[in-house]
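Starting from 1, each residue takes its place in the sequence as its number. Because the structure is a prediction, the values reported are computed rather than measured.
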Amino acid sequence: MAQVSKDTMIGELLSIDANVAPILLSIGMHCLGCPSSQMETIEEAAMVHGIDADELVAKINDFFAKNE
């Protein structure tokens, strides 16, 4: 089962499963195609967007668990 942590890069996350993009878009991360966002960690991106990184990681890992 795919799992991510706060240290996972956004680019790596999208390469694991691009279907996670709607989760990121729904919380305001509209810059997924931006080169700089690809090198941000989930924690950094969450901080920039005012989102709790632990909650975001849990939501993403739940998505992976349900779609396996």
Side-chain angles (χ1 to χ4, degrees):
M1 172 172 82
Q3 287 246 321
V4 296
S5 71
K6 293 188 294 189
D7 296 323
T8 303
M9 299 284 187
I10 297 296
E12 180 184 355
L13 170 61
L14 293 171
S15 71
I16 292 169
D17 188 342
N19 293 315
V20 77
I23 293 172
L24 303 177
L25 293 169
S26 74
I27 59 172
M29 292 185 188
H30 299 285
C31 54
L32 298 179
C34 172
S36 62
S37 74
Q38 300 297 304
M39 297 306 294
E40 278 185 328
T41 64
I42 293 174
E43 183 173 36
E44 292 167 336
M47 183 180 66
V48 168
H49 293 279
I51 305 296
D52 182 276
D54 291 319
E55 288 179 16
L56 179 56
V57 166
K59 188 172 189 174
I60 293 167
N61 284 328
D62 285 347
F63 170 82
F64 288 149
K66 290 176 184 173
N67 291 296
E68 242 186 60

In residues 12-24, what donor-acceptor pairs under 3.5 Å come from side-chain atoms, sequence neighbours left out?
residue : atom : partner : partner atom : Å
S15     : OG   : E12     : O            : 2.8
D17     : OD1  : N19     : N            : 2.8
D17     : OD1  : N19     : ND2          : 3.1

Problem set entry | same_hphob_cluster(M39, I10) at 4.5 Å side-chain heavy-atom cutoff | no
Exercise. Hey, quick one: are F64 and M29 part of the same hydrophobic cluster, counting side-chain heavy atoms closer than 4.5 Å, chains of contacts allowed?
Worked result: yes
Problem set entry | Approximate separation, where rounding is to 0.5 Å, of I60 CD1 and F63 CZ | 9.5 Å
Exercise. Out of curiosity, I51 CD1 to L56 CG, how far, rounded to the nearest 0.5 Å?
Worked result: 7.5 Å
Seminar exercise, completed: The salt bridge (Lys or Arg N to Asp or Glu O under 4.0 Å) partners of D7 (sequence neighbours excluded) come to none
For this session: Any pair with a residue in residues 53-63 that passes salt bridge (charged side-chain N to carboxylate O under 4.0 Å, His left out), sequence neighbours left out, goes on the list, sorted by first then second residue, please.
Result: K6-D54
Return a table of donor-acceptor pairs under 3.5 angstrom between the side chains of residues 42-49 and protein atoms on other chains or two or more places apart.
residue : atom : partner : partner atom : Å
E44     : OE1  : T41     : N            : 2.9
E44     : OE1  : T41     : OG1          : 3.4
H49     : ND1  : G28     : O            : 3.4

